[in-house]
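Here the structure is a predicted model, which means the values were calculated and not measured. Side chains included, hydrogens not; waters and symmetry mates left out as well; all remaining heavy atoms used.
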Amino acid sequence: MTTHVLALGGGGFSMSDGYSATALDRYALGLAGVERPTVCFVPTASGDATVYIERFEAAYAPLDCETRVLRLVADGAQSVARTLDGVDVLMVGGGSTVNLVALWDVHGVTRELRRLAGGRDLVLAGLSAGANCWFEGCTTDSFGPEVVPWRGGTGFVAGSFCPHADGEDRVGDYAAAVASGALPAGWAADDGAAVHVVDGVVRAHLAERPGARTYRLEADGAGRASVVAQSMTLL
């Protein structure tokens, strides 16, 4: 059993011109390794926003896949196991990381994903909040306009994550959080960049636009954090 995590700093269909599927969307589908994979969009972080769901369905309609949507706000816990059964790829949307994790815990989504990952191959993908959720901690604006460190998430990947590194200029705040110990070492990703993790080990750094980067951040033990740009593969 193999668990892929594809953590996008930003990008994908919801940030593209015309809200069409992008190279990172197609890469996520390709990780399933099956013909016509079933992909489930999870818009929990946006409160299951109707327009977000409609954009997903329109973006993925031309792709060779089956689509589903997990709606927790309307359907609640009774839909979780049924909706996730047979899913190959989860694509988790952006919004509030804290609300996402809280609702997943209440409705048993995290527990169900762990059960599924223990029995078969699974691709866990998402952007912004949908990337934060796979780590042990992150930077988030879930509590208000300021970006703050938060030790939450499902912990499918050890360490922390920072989305929108360039689009919202978050690297400075993230570096300060890592340096102080508020967050463990981790990864930052620009909009249009992603970290690909396989069974907990980082395997690739991907970009769907030239110049998009990912970064490794670690505390140096002297009250600072190192920020190291990674070598990228342009899709």
Side-chain angles (χ1 to χ4, degrees), residues 2-34 36-46 52-70 87-95 97 100 121-135 138-139 156-157 161-168 170-171 186-199 201-216 229-235:
T2 300
T3 300
H4 297 270
V5 172
L6 186 67
L8 285 66
F13 76 91
S14 66
M15 294 181 67
S16 71
D17 293 337
Y19 304 110
S20 57
T22 69
L24 284 171
D25 291 300
R26 291 187 288 272
Y27 184 88
L29 292 185
L31 293 176
V34 298
R36 199 164 179 78
T38 298
V39 55
C40 181
F41 182 52
V42 187
T44 311
S46 68
Y52 208 173
I53 295 170
E54 291 172 346
R55 288 171 179 171
F56 161 76
E57 291 175 335
Y60 277 68
L63 305 180
D64 190 17
C65 65
E66 300 286 343
T67 60
R68 298 180 188 174
V69 178
L70 178 63
V87 164
D88 301 298
V89 180
L90 262 75
M91 180 58 70
V92 184
T97 305
L100 180 157
D121 294 349
L122 192 63
V123 180
L124 307 174
L127 78 154
S128 192
N132 281 344
C133 65
W134 306 122
F135 293 78
C138 63
T139 63
F156 276 88
V157 183
F161 188 74
C162 172
H164 306 305
D166 63 340
E168 297 181 9
R170 291 192 182 188
V171 173
W187 305 93
D190 290 340
D191 292 341
V195 178
H196 178 196
V197 185
V198 182
D199 293 334
V201 179
V202 174
R203 296 297 189 189
H205 301 272
L206 308 159
E208 62 182 14
R209 63 174 179 83
R213 304 295 298 266
T214 62
Y215 311 85
R216 175 65 177 174
Q230 303 299 295
S231 297
M232 305 299 295
T233 299
L234 184 62
L235 299 176

- Message: Checking side chain to side chain contact (heavy atoms under 4.5 Å, CB included) between Trp134 and each of Leu6, Val197, Val195, Val5, which is the one that passes?
- Response: Val5

- Task: Work out which heavy atom in His196 is nearest to a heavy atom in Tyr27; give both atom names and the distance.
- Result: ND1-OH, 3.0 Å

- Query: Can you list the steps and then say if Val198 with Thr2 is a side chain to side chain contact (heavy atoms under 4.5 Å, CB included)?
  - Reply: CA-CA 7 Å; Val198 182; Thr2 300; 3.7 Å; yes

- Message: Could you work out, with side chain to side chain contact (heavy atoms under 4.5 Å, CB included) as the rule, every residue matching Tyr19, not counting sequence neighbours?
- Response: Arg55

- Task: Working to the nearest 0.5 Å, report the span between CG of Asp121 and NE2 of His4.
- Result: 6.5 Å

- Query: What are the two closest heavy atoms between Phe135 and Ala7, and how far apart are they?
  - Reply: CE1-CB, 3.8 Å

- Between the side chain of Asn132 and the main-chain N/O of Thr97, is any donor-acceptor distance below 3.5 Å? no

- Would Thr44 and Val92 count as a side chain to side chain contact (heavy atoms under 4.5 Å, CB included) if you check the C-alpha gap in whole Å, the side-chain angles of each, and the deciding distance to 0.1 Å? CA-CA 8 Å; Thr44 311; Val92 184; over 6 Å; no

- Query: Rounded to the nearest 0.5 Å, how far apart are CD of Glu57 and OG1 of Thr67?
  - Reply: 6.0 Å

- Any salt bridge between Arg36 and Asp64, counting N to O under 4.0 Å? yes

- Message: For a 4.5 angstrom cut-off between non-hydrogen side-chain atoms, does Leu8 reach Pro163?
- Response: no

- Message: Test your reading of the model: is there a side-chain donor-acceptor pair from Asp25 to the backbone of Phe13, 3.5 Å cut-off?
- Response: yes

- Between Tyr60 and Phe56, does the ring centroid distance fall short of 6.0 Å? yes

- Query: What is the minimum heavy-atom distance between Ala28 and Ala125, and which atoms define it?
  - Reply: CB-CB, 4.3 Å

- Step by step, would you call Arg68 with Val39 a side chain to side chain contact (heavy atoms under 4.5 Å, CB included)? CA-CA 6 Å; Arg68 298 180 188 174; Val39 55; over 6 Å; no

- Message: I need the Glu168 CD to Ser128 OG distance, nearest 0.5 Å.
- Response: 6.5 Å

- Message: Is the distance from the ring center of Phe161 to that of Trp187 below 6.0 Å?
- Response: no

- Can you see which heavy atom on Asp88 is nearest to which on Ala32, and at what distance? CB-CB, 3.9 Å

- Note on the structure: Value for CG (Leu29) from OG1 (Thr38), rounded to nearest 0.5 Å, stands at 10.5 Å

- Query: Got a donor-acceptor contact below 3.5 angstrom from the Arg213 side chain to the Gln230 backbone?
  - Reply: yes

- What are the two closest non-hydrogen atoms of Pro43 and Ser46, and how far apart are they? O-OG, 2.9 Å

- Message: Restricting to non-hydrogen atoms, name the atom on Leu122 and the atom on Val87 that form the minimum distance, rounded to 0.1 Å.
- Response: CD1-O, 3.6 Å

Show which side-chain atoms of residues 204-211 pair as donor or acceptor with protein atoms under 3.5 Å away, not counting sequence neighbours.
residue: His205; atom: ND1; partner: Thr214; partner atom: OG1; Å: 2.8
residue: Glu208; atom: OE1; partner: Thr22; partner atom: OG1; Å: 2.6
residue: Glu208; atom: OE1; partner: Leu24; partner atom: N; Å: 3.0
residue: Glu208; atom: OE2; partner: Gly12; partner atom: N; Å: 3.0
residue: Arg209; atom: NE; partner: Asp191; partner atom: O; Å: 2.9
residue: Arg209; atom: NH2; partner: Asp166; partner atom: OD2; Å: 2.5
residue: Arg209; atom: NH2; partner: Asp191; partner atom: O; Å: 2.9

